[in-house]
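Lettering follows sequence order; numbering is per chain, from 1.
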Amino acid sequence: MKKLVVLMIAAFIGVSAFAQGYKPGDKAMDFKLKNIDGSMVSLTDYKDAKGIIVVFTCNHCPFSVKYEDRINGLAKKYNNAGFPLVAVNPNDTVQYADDAYSKMQVRAKDKGFVFPYLVDDTQAVAKAYGATKTPHVFLLQKEGKEFVVKYVGAIDDNTDDASAAKVKYVEQAIDELNAGKPVSVSTTKAIGCGIKWKKA
Amino acid sequence: MKKAVLLIAIFISTIASAQMAKGVTQIAVPGLLQKITTDKKFDETLYVVNFWATWCMPCVKELPYFEAVNKKYADKNVKVMLVSLDFLSDSVRVKKFAEAKKLESEVYQLNAGNPNDWIDKFDTSWDGAIPATIMYKGGQKVFFRQGDFEAIELDSIIQTKIK
């Protein structure tokens with residue numbers, strides 16, 4: 001009986017953890033997703049990285065579009081400074097044709113993306129991480145062999161106007177990690193486009 | 001003379017179009033919260049606040065369901081407020097959209113500032129994805145959902161809330 005209760009509680013916790021996704025302090029799972037150049041990309045490919053900036057984003061969403069130059073800016077700034085950026089498009093391309101693989105290739109070329117732009121075609125990675133919208137950032141830090149979530153949320157505090165942003169949350173978090181400090185703002189909320197889940 | 005007729009025609013059509021569209025009111029979060037929570041004891045109104053945007057496909061799809069609720073329950077103290085989260089720089093677009101769709105519910109555009117400062121004030125489980133819908137009655141939150149509705153589903157939820 002006891003065992004059953006424990007099992008049920010464990011199952012419950014498991015379910016709720018899944019539903020809520022990663023929070024700061026959680027271990028992030030590795031993944032292997034197809035990049036727009038056809039190669040497969042995993043977190044563990046980045047052997048020398050101190051951490052990784054994982055950004056769930058896409059083509060069609062106006063918030064992603066507003067942020068795409070800033071995402072590219074983060075990649076340019078941190079790719080060779082210990083925190084490379086990896087973008088993941090989790091959207092159902094049946095519902096959003098603009099998010100199709102071929103369109104991702106076009107967008108990356110047009111905008112000169114300097115980061116891998118991966119397809120989460122089973123949506124398993126977005127679900128495991130608890131990404132719900134685009135853009136949605138998960139900043140990971142390497143601790144031994146694990147990737148630990150340090151920050152979840154927005155890129156900065158002003159979607160509409162990059163130059164008016166007062167706090168650049170991702171950069172602030174990386175600066176703090178680099179200084180060996182805890183991340184002071186470890187979760188933020190922002191408006192975004194809900195991820196389009198595949199219809200069962 | 002012809003010119004005068006033309007001018008009158010333009011004038012009339014201007015009035016007509018002004019009457020057709022109720023317009024879009026810009027509002028900030030404190031103002032919105034105040035509107036839906038003030039009259040705690042005496043206000044029996046069910047405030048149905050839907051957060052949407054012109055660029056959000058599932059939002060646009062469900063707007064007619066909210067319009068239907070607004071119409072159907074007009075005499076049942078139900079007030080639908082469609083709060084757009086389009087960028088403020090797109091205010092003309094929101095206005096045109098509201099006119100083109102002939103929206104009859106109250107349409108607002110939120111002066112959103114930094115959403116991180118206020119999303120939790122509506123619901124801590126909301127992470128900012130839209131559509132999202134929140135209902136208030138008697139100063140209390142009585143419903144929240146992040147995600148879209150089917151028409152019948154929304155209607156039945158409204159029915160349970162006005163009892």
Query - Within 6.0 angstrom of A:Lys196 NZ, more than 12 heavy atoms from elsewhere - result: yes
Requested in this report: Spell out, yes or no, whether A:Ile195 and A:Tyr96 are grouped together once hydrophobic residues are joined by side-chain heavy atoms under 4.5 Å, including indirect joins.
Outcome: no
Report task. Pick whichever of B:Ser125, B:Pro58, B:Gly147 has the most heavy-atom pairs under 4.5 Å with chain A. Result -> B:Pro58
Query raised in the report: At their closest point, which heavy atom of A:Lys66 faces which heavy atom of B:Ser89, and how far apart are they?
Result: NZ-OG, 4.4 Å
Query raised in the report: Do other residues, nucleotides or ligands put more than 12 heavy atoms under 6.0 Å from B:Lys161 NZ?
Result: yes
Requested in this report: Report the C-alpha separation of A:His136 and B:Asp127 in whole Å, then their side-chain angles, then the decisive distance to 0.1 Å, and conclude whether the side-chain contact (heavy atoms from CB on, under 4.5 Å) test is met.
Outcome: CA-CA 10 Å; A:His136 201 162; B:Asp127 75 356; 4.0 Å; yes
Query raised in the report: Is a donor on one side and an acceptor on the other found under 3.5 Å between the side chain of A:Lys189 and the backbone of B:Pro115?
Result: no
Query raised in the report: Tell me, side chain or backbone of B:Trp118 under 4.5 Å from chain A's heavy atoms, or both, or neither?
Result: side chain
Query raised in the report: In Å, rounded to the nearest 0.5 Å, how long is the span from CG of A:Asp156 to CG of B:Asn116?
Result: 11.5 Å
Query raised in the report: Does NZ belonging to B:Lys72 count more than 12 external heavy atoms closer than 6.0 Å?
Result: yes
Query raised in the report: Would you say A:Ile53 and A:Val149 are hydrophobically clustered, going by side-chain heavy atoms of ILVMFWY under 4.5 Å?
Result: no
Requested in this report: Answer with side chain, backbone, both or neither: which region of A:Asp157 has an atom nearer than 4.5 Å to a non-hydrogen atom of chain B?
Outcome: both
Requested in this report: Mind checking the CG-CG spacing from A:Asp160 to B:Asp86? Nearest 0.5 Å is all I need.
Outcome: 10.0 Å
Query - Shortest non-hydrogen contact between B:Met57 and A:Gln95, atoms and distance - result: CE-O, 3.6 Å
Query - Parallel, tilted or perpendicular: rings of B:Phe87 and A:Phe63 (30°, 60°) - result: tilted
Report task. Determine, using the 4.5 Å side-chain heavy-atom cutoff (strictly less than), whether B:Val29 and B:Ile27 are members of one ILVMFWY cluster. Result -> yes
Query raised in the report: Once you round to the nearest 0.5 Å, how far does OG1 of A:Thr159 lie from CG of B:Leu85?
Result: 10.5 Å
Query raised in the report: What do you reckon, is CG of A:Asn80 surrounded by more than 12 foreign heavy atoms closer than 6.0 Å?
Result: no
Query raised in the report: Can you tell which of A:Ala154, A:Cys193, A:Ala190, A:Gly194 has the highest number of heavy-atom pairs within less than 4.5 Å of chain B?
Result: A:Ala190
Query raised in the report: Should the heavy atoms of other residues, nucleotides or ligands under 6.0 Å from CG of A:Asp48 be counted, would the total exceed 12?
Result: no
Query raised in the report: Is there a side-chain contact (heavy atoms from CB on, under 4.5 Å) between B:Gln146 and A:Thr132 once you walk through the steps?
Result: CA-CA 10 Å; B:Gln146 172 170 324; A:Thr132 54; 4.2 Å; yes
Query - Heavy atoms from other residues, nucleotides or ligands near NZ of A:Lys32 exceed 12 (cutoff 6.0 Å) - result: no
Query raised in the report: Can you tell me how far the NZ atom of A:Lys133 sits from the CD1 atom of B:Ile130, to the nearest 0.5 Å?
Result: 11.0 Å
Query raised in the report: Which answer fits A:His60, side chain, backbone, both or neither, if we ask what part of it has an atom under 4.5 Å from a heavy atom of chain B?
Result: neither
**Report entry** Cluster check A:Tyr117, A:Phe31: I/L/V/M/F/W/Y, side chain < 4.5 angstrom
**Finding:** no
